[in-house]
There are 4 protein chains.
Amino acid sequence: MIEDTRPLEDVQGRRDERGIDIDQAGVRDLRYPITVLDRARGEQQTVARLSMSVGLPYRFKGTHMSRFVEVIEAHRGEVTMRTLPAILRELRERLDAESARVEAKFPYFLEREAPVSGRKALLDYDCFFLGESIGPDEGFVLGVSVPVTSLCPCSKAISDYGAHNQRGYVNIEVRPRRAVGEEPELVWIEELVEVGERSGSAPVYPLLKRPDERHVTMQAYDNPVFVEDIVRNVAEELRGDARISWFRVEAVNQESIHNHNAFAEIGWTRPE
Amino acid sequence: MIEDTRPLEDVQGRRDERGIDIDQAGVRDLRYPITVLDRARGEQQTVARLSMSVGLPYRFKGTHMSRFVEVIEAHRGEVTMRTLPAILRELRERLDAESARVEAKFPYFLEREAPVSGRKALLDYDCFFLGESIGPDEGFVLGVSVPVTSLCPCSKAISDYGAHNQRGYVNIEVRPRRAVGEEPELVWIEELVEVGERSGSAPVYPLLKRPDERHVTMQAYDNPVFVEDIVRNVAEELRGDARISWFRVEAVNQESIHNHNAFAEIGWTRPE
Amino acid sequence: MIEDTRPLEDVQGRRDERGIDIDQAGVRDLRYPITVLDRARGEQQTVARLSMSVGLPYRFKGTHMSRFVEVIEAHRGEVTMRTLPAILRELRERLDAESARVEAKFPYFLEREAPVSGRKALLDYDCFFLGESIGPDEGFVLGVSVPVTSLCPCSKAISDYGAHNQRGYVNIEVRPRRAVGEEPELVWIEELVEVGERSGSAPVYPLLKRPDERHVTMQAYDNPVFVEDIVRNVAEELRGDARISWFRVEAVNQESIHNHNAFAEIGWTRPE
Amino acid sequence: MIEDTRPLEDVQGRRDERGIDIDQAGVRDLRYPITVLDRARGEQQTVARLSMSVGLPYRFKGTHMSRFVEVIEAHRGEVTMRTLPAILRELRERLDAESARVEAKFPYFLEREAPVSGRKALLDYDCFFLGESIGPDEGFVLGVSVPVTSLCPCSKAISDYGAHNQRGYVNIEVRPRRAVGEEPELVWIEELVEVGERSGSAPVYPLLKRPDERHVTMQAYDNPVFVEDIVRNVAEELRGDARISWFRVEAVNQESIHNHNAFAEIGWTRPE
């Protein structure tokens, strides 16, 4: 009885009379397995949380939400900086829209080698891709959150021994430069991880044996940094990288002597 | 032994040689009890999650994080749209900074009366205040997240009976207009709650007896809205409110027929 | 200089004199890619959040945390109900412990077909494996969280039209029966998903076209359930499944007329 | 039209024929302002997340969810270890149930004084109350999460200088002893905070000036502890406290050299 096939009205396609454009209409918190590029292994399978939307002109009542899922289902094979332009194009076509936006957040894994023993295991990094297409313009952002050890320069300087230290996160977002009509410059997650790790007192590792623990303990003590130092270290490197046209870097320390966090942030756009 | 009183170096005050300004340096995820303004009862005590920061000129190595806590401790009595200007001023003075930023996120409670039985109980709303002071400029934003019921117009139109509905959140952020040298116009949390509730299919309530449940079930069925309708409803009201110079409204539906959410968003700045 | 190779003391192996056994000592919030069994496709790659621990006898000061990561790194290929016994055995051997515990939480994806159009896409389910080994005993639990639509029987009965409905989650945990010396009975994630979906008013889907939306809207209206009905529906099915020796089922509704959730729970152990 | 007053059927009160008792049916994630006992100031206002449920006999289809909110609304004045017995009693009476359960999670604030400068500010602790009433039996649990600094004994012992340290949380749950027919022994949140703080390398503070930072840095270096040491320190104290009939203590370290956490746990019941 409920399977009848009379034509069903396209309610979303009804005319809206209020004359108000909508910047974004779409789906959010859609979890999907995706494949991303991996510098060492070619590709890597992970699980993303997706947000996809389009701009909706004032005359339409609603957008067609199921088409977002259809587009991502068709691209299950790969959601990367390389395929985002095609995904944005399809969203605009399928949804008859003048703008589209896709954001994919996912954990990414890299094999890290302990500094003395050489023991290997995987470390997880929270990453995201963001692609936006508005009229003739396209923009892409790659974000990576890099865990590091940070050791407080003040605590070291004023104490007879010891120094408080903690896990911190260096959150780096970059917009690769892009010549008109070309794909954006490729910036690897792996490169941003390395920039982030160099900015702290020491990297963190998934697996450390005793000689490794001795190494990182002393490495951190030898390289004290404030959150302010971390963001400046990253800013200095990224300004010098001609592939990058914009970045935002944030450092957040899980302060070991407080129950709140310290943070610092720098945003930067390459002058024309 | 560790209580000696030799003068301790001000490491944060050291000179930094990299020539890089920092946009924000401060503390985050600091939980603190605060008092906010309550239209009906004068004031309300709640618990906030605070983020406080200042801009740091290129010549200083770091900021003095403990002073943020000192400033908020001194204002334990009230953190509201009325006191934010003073808090920002103190942060700039105490930290010798040319900009400051304070964000307070907190739950706010309003007594809601069931529509038929008149039974009363408290409903919670996630809110935030944001204040920014940069050079001679100050900006303030008030944000309120309003839970509503939304019933799908498409589901209702194409089905012989029933219609899928769900809890949704209408997230409204407004920047009150502000004449030079004066406090910003006062916009009450209560007013934004009312705007948000009017935009959905029906309000949600903390306490409903059977006649109330009958009422809201039928009210929602009589007023179907997409997320797109919700943000347009709010946009239309806020554009007409001369006290508001900017807003952003987002509607998010916890779709009852999917495991992902639908959303729509409109941002707007009042033309000069 | 910091690479010297003098022997480093095994501090964890020091004797503790307080005479207090520790129930669990280990690592938590370790994110790792894992492979799990997939009934339709053989296996599925996903990302897990792992907790691994051992019991620590009173005489030892600490456990050797790096060995947990070594064991999981060695099993990167597969963490499933089939391999948990071997992982637990290795943890006990490597850490010289009389008990071990492993918990893996991960999203699992199944292709779901829309009920009328037949359109396919992936739906995500939060799952977990738990394995415990204490002396000669071993125990295993499989958990699956199944999203469903639930439509309120009271709202339907007392209203002239419409009925409030919402997304709910049916959280099912089962302990498969296990003959002495044998592997536990295999219960598939897919089977628990089906039990969960049958217990609600209608399944949720990743992708629905208009005829599908009409179908599920009317299906839900035709099958109203309280959270109490959901857990009883699941309990009735699982009691009748001889492979299951224990279960706990919980239903949680994101009430569309409230800003809080409704829930119900039943736990059950098969009588000897 | 929708305000008519015909009697509405009590659908929840319908008979269920499956013969299955439900352990818990109720509401969850209900946010409410509550007042709790404060040793220094008499009482403290905070915001709780509540879970309330009753057991439902096999013969009833559902429970009456609105009554949970009515009971908590009536007790807005105070939800504490002292009032939980009355709340449980009312839930059982109002809902005609043989068991009831209430859980309230809330942040609690204590003024902490910096160890050298004496500067004061508030520190937040996640706490919970749990009350259960089943037939003639009642049980109560108080939980407190205490942030501490922990400094690694292994890292200190094997390194020429420095030692990794981090913020950790000591999660203590106690069941106060209770003579038949009497209220449970009063255990203060403040007491458990002190036990937790003594168990780590150093307390954490909301506000530290330079002499304070020097103090806690060296205090932590002088008192290295593993998570295993922390839980044994707490266990030793609580076993010696005759007011406590059961406890569970868990220590979790936000390891500064890893991206995962270390933890240890001990549960204990006082022998009769």
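We name chains A, B, ... by the order of the sequence lines, and we start the count at 1 in each one. Worth knowing before you read on, the calculation uses all heavy atoms, side chains too, and leaves out hydrogens, waters and symmetry mates. The structure presented is a predicted model; accordingly, all values stated were derived computationally and were not measured.
The environment of NZ in B:Lys105 is sparse: at most 12 heavy-atom neighbours from other residues, nucleotides or ligands sit within 6.0 Å. Other residues, nucleotides and ligands place no more than 12 heavy atoms under 6.0 Å from the CZ atom of B:Arg82.
Using a 4.5 Å cut-off between heavy atoms, D:Leu208 touches chain B through its backbone atoms (N, CA, C, O) alone. Only the side chain of B:Phe109 comes within contact range of chain D, judged by heavy atoms closer than 4.5 Å. Within the 4.5 angstrom heavy-atom criterion, no atom of D:Asp212 approaches chain B. The part of D:Glu9 that comes within reach of chain B is its backbone (N, CA, C, O), which places non-hydrogen atoms under 4.5 angstrom from that chain.
Using a cutoff of 4.0 Å between basic side-chain nitrogens and carboxylate oxygens, D:Asp126 and B:Arg31 are scored as salt-bridged. Electrostatic pairing of B:Glu70 and D:Arg119 counts as a salt bridge here, judged by a charged N lying under 4.0 Å from a carboxylate O.
Chain B forms the most heavy-atom pairs under 4.5 Å with one residue out of D:Pro206, D:Pro33, D:Ala114, and that residue is D:Pro33.
In this structure, CD in B:Gln44 is found 9.5 Å from CD in D:Gln45, a value given to the nearest 0.5 Å. One finds the CG atom of D:Leu207 at 10.0 Å from the CG atom of B:Leu30 (value rounded to the nearest 0.5 Å). To the nearest 0.5 Å, atoms CD (B:Glu213) and CE (D:Met65) are separated by 11.0 Å.
Smallest separation of non-hydrogen atoms from B:Ala121 and D:Val69: CB-CG1, 3.9 Å. Closest of all the heavy-atom pairs between D:Ser66 and B:Lys209 is OG-NZ, 3.0 Å.
In this structure, the side chain of B:Arg210 engages the main chain of D:Leu8 through a donor-acceptor pair within 3.5 Å.
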